[in-house]
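Below, chains carry the letters A, B, ... as their sequence lines are ordered, and counting in each starts from 1.
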There are 2 protein chains.
Amino acid sequence: MQWGRAGNTIDHMKLKEFAKQLGLSPTTVSRALSGYPEVSEKTRKRVAEEAVRLGYRPNINAVRLVTGRAGAIGVVMGRNGEFQFSEYMSGMAERLDSEDIDILVTPIAEQGGNDESQLYSRLATSGRVDAVIIHSPMPKDERIALLHRLGMPFLVHGRSETDVPHAWLDIDNEGAIRRATSHLIDLGHRRIAMINGRAGLTFSLHRDQGYRKALEQRGIPFDPRLVAHGHFTDELGFRFARSFLEQSPRPTAFVAGSMMTALGVYRAVRSFGLVVGRDISVIAHDDVFPYLTADNMVPSLSTTRSSLRAAGARSADLVLQLLSGRPANEIHELWPVELILRESTGPVPHSDAFPDRTG
Amino acid sequence: MQWGRAGNTIDHMKLKEFAKQLGLSPTTVSRALSGYPEVSEKTRKRVAEEAVRLGYRPNINAVRLVTGRAGAIGVVMGRNGEFQFSEYMSGMAERLDSEDIDILVTPIAEQGGNDESQLYSRLATSGRVDAVIIHSPMPKDERIALLHRLGMPFLVHGRSETDVPHAWLDIDNEGAIRRATSHLIDLGHRRIAMINGRAGLTFSLHRDQGYRKALEQRGIPFDPRLVAHGHFTDELGFRFARSFLEQSPRPTAFVAGSMMTALGVYRAVRSFGLVVGRDISVIAHDDVFPYLTADNMVPSLSTTRSSLRAAGARSADLVLQLLSGRPANEIHELWPVELILRESTGPVPHSDAFPDRTG
DNA sequence: GCCGCCAGCCAAATCGTTTTAAATTTCCGG
DNA sequence: CCGGAAATTTAAAACGATTTGGCTGGCGGC
């Protein structure tokens, strides 16, 4: 599309003009502002001061053209505007605030159609971004191979099993869920239901593994009927929890994938006339949202906690490192996850612990 | 900061090269691709096809430099990554998908410090964006005057009372809350509490007005002790609701500002041993989230509903119109809001309707 | 057959920087 | 006071597109 320049009255001083006012050449001014060593400290200072006073700022598009840099990091937003997303971005923003780098959000088209990799391909070749962050990867994620092939620097938020060397930042999902499950087992629970994220995603697999390992360690048989996968919505939390609670014997504890899921689980438990923390224990993973906090739930929710905002900030940092030349396969960070016990977890009720006596 | 070009192996064909392969001049090719009339239909078609085949795409930074356009719309993300944000952006994305325009997210720094207007000022003069969208305006919003002064096209999502002509898209907050409140009054409620958004924002004021008008129409005195303002978090919903319920006589109905607020209200009501939909009626405003739906709450939540995603899509559309020359003061859209009645609203309990008989 | 016109194409200027390679100034010991 | 290295500064060439203004050649009118 083509639009007029109407309205865009902002008239910048140009380098040439600015340099003339200073009695210097454009070259020197440019160098002074970019902090090159060839220019004397005195001159640099003067240039910097005058730039502020006269309001000179380099035309960013000219800079981009000549340097070949886009000055932006691309993020692809999931198909259904996930609630976690803005928190992660806030974190990124926090870190990028001091740099001269933007965040470019490319949303994936609703109707889907042409496959996702084409979107990434376009993003990578468009020259709009210097790097890309990939979310919710799968063990064999073709996006990783694709971006590697295209030579576009990228960071994976999460992990993948691909051979392609790549930078990643992830939280210890397996350990978190293992500890959560173990703790429930310590409390006497034996039938523990697990509402996990979408099937096929690495973090879901890791959580499944953590869950299974905890059971294994204590010799508790794994029952596939106690595990569900899906989006992190209150609706699915509710539905899955209800269907689990309809089983006989019913589970006495839940591991929920997110705060939204936990909301659904709470509702489901209540709808059975049961009480969370007494009849049914619940632990959920908490990404630490300002608008929905585990402490405030009733009863307060035990969680595995890891700040998504912090992850966003660190991600931005790592991308900057990547761009300044640090090799991708040196950039691997695995963050531990806290386990915070609150009121939603408690010892298994006596009647459930020995169902044969009552039934 | 300065980083090497390492990794960025993507090697685009240049216009000159591409044109040579076609046996045409760069000029003609450029024009063909941009759809100018001076080039024959046959040639245009051939160019378009070859561009796809050979993978030629104009270097976006060169285009930006020469046209002076940034090819991006700026959005400033609130201080605390609001959960609504990603939904709105998804909508924008949906609309912008077919255009060659990016969404640039500028997060406001956490520590605050230098005032917000400086951020907008920088964004406007940076040349990174062609237009800006302003959220959560206040009646006298200095950002509007600022952007107008700077000559940067912008759309206000919400409304303001400033004299400066500007484009806006808003939902009928006043009407929505007026209808919601009226409906509660029809059901016999007289003490209706209102948990509104942050004080000072236009939409909060409009909602206050809607609330007060509904009361006025029915001759119910306004009691400032029944109105609270604050962020849309579950925590505030809970706290405010509790403090209202501690009053005597207590309110029999709540108007909640958001789904998160409603979650808090539900909890608070329950914590008093009361039942939503029977003892206490609740209506909340619902922006329609995929991850938290009013229908799924227990009891299902009556809402005033307006799709934030749709607003995002339309906003993007209006910005495009703005950029193609449509005068800002012609662009005003006020969307009606649906009132969806579900189980959380019901007639006032007899004992509350005539408290003097019981007390 | 000549002229003007128009569709279709092109050469060259332009956008506002960074950066290469060269020129100038400064400084200092001999 | 001079030669040459070191410290500054500069002119000019990119970067890769769009766009202005001009150049062709074919066609119809007279």
For nucleotides 22-28 of chain D, just jot down a letter per nucleotide in 5' to 3' order: B, S or -, based on protein non-hydrogen atoms under 4.0 Å.
-------

Just wondering, do [Y] and [X] contact through their side chains at under 4.5 Å, heavy atoms?
| X | Y | value |
| --- | --- | --- |
| A/V76 | A/R143 | no |
| B/L22 | B/T28 | no |
| A/R128 | A/T106 | no |
| A/M152 | A/L123 | no |

Through what angle, rounded to 10 degrees, does the axis of the helix from C/dG1-D/dC30 to C/dG30-D/dC1 turn between its ends, using five pairs per end?
50°

Rounded to whole angstrom units, what separation is found between the [atom1] atom of [X] and the [atom2] atom of [N]?
| X | N | atom1 | atom2 | answer |
| --- | --- | --- | --- | --- |
| B/L33 | D/dT19 | CG | C1' | 15 Å |
| A/R64 | D/dA17 | CZ | P | 17 Å |
| B/L15 | C/dC10 | CG | P | 12 Å |
| B/R69 | D/dT19 | CZ | C1' | 12 Å |
| B/N59 | D/dC15 | CG | C1' | 8 Å |
| B/K42 | C/dA7 | NZ | P | 16 Å |
| A/K14 | C/dG16 | NZ | P | 4 Å |
| A/K16 | D/dT10 | NZ | P | 15 Å |

Is there a side-chain polar atom (N or O) of [X] under 4.0 Å from OP1 or OP2 of [N]?
| X | N | answer |
| --- | --- | --- |
| A/S25 | D/dT9 | no |
| B/Y36 | D/dT19 | yes |
| B/S30 | D/dT18 | yes |

The nucleotide from C/dG16, D/dA17, C/dC9 with an atom nearest the side chain of B/T43 is C/dC9

A/V66 side chain: which of D/dC15, D/dA17, D/dT10 is closest?
D/dC15

Using a 4.0 Å heavy-atom cut-off across all strands, classify [X] as base, sugar-phosphate, or nothing.
| X | answer |
| --- | --- |
| B/L24 | sugar-phosphate |
| A/Y56 | sugar-phosphate |
| A/S40 | sugar-phosphate |
| A/R44 | nothing |

Under 4.0 Å between a Lys/Arg side-chain N and an Asp/Glu carboxylate O for [X] and [Y]?
| X | Y | value |
| --- | --- | --- |
| A/E50 | A/R53 | yes |
| B/E49 | B/R46 | no |
| B/D317 | B/R95 | yes |

Just one of A/V156, A/L320, A/I133 clears the side chain to side chain contact (heavy atoms under 4.5 Å, CB included) bar with A/S315, so which one?
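Only match with A/S315 under side chain to side chain contact (heavy atoms under 4.5 Å, CB included): A/I133.
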
What class does the angle between the rings of A/H332 and A/H166 fall in, given that below 30° is parallel, 30 to 60° is tilted and above 60° is perpendicular?
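If you compare the ring of A/H332 with that of A/H166, the planes turn out perpendicular.
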
Ignoring hydrogens and angles, answer whether the base of C/dT18 and the side-chain atoms of A/S34 contain a donor-acceptor pair closer than 3.5 Å.
no

Check: D/dA17 base within 3.5 Å donor-acceptor of B/T67 side chain:
no

Of B/V39 and B/A62, whose closest DNA chain C nucleotide lies nearer the 5' terminus?
B/V39

To the nearest 0.5 Å, how far apart are OG in B/S90 and CZ in B/F85?
10.5 Å

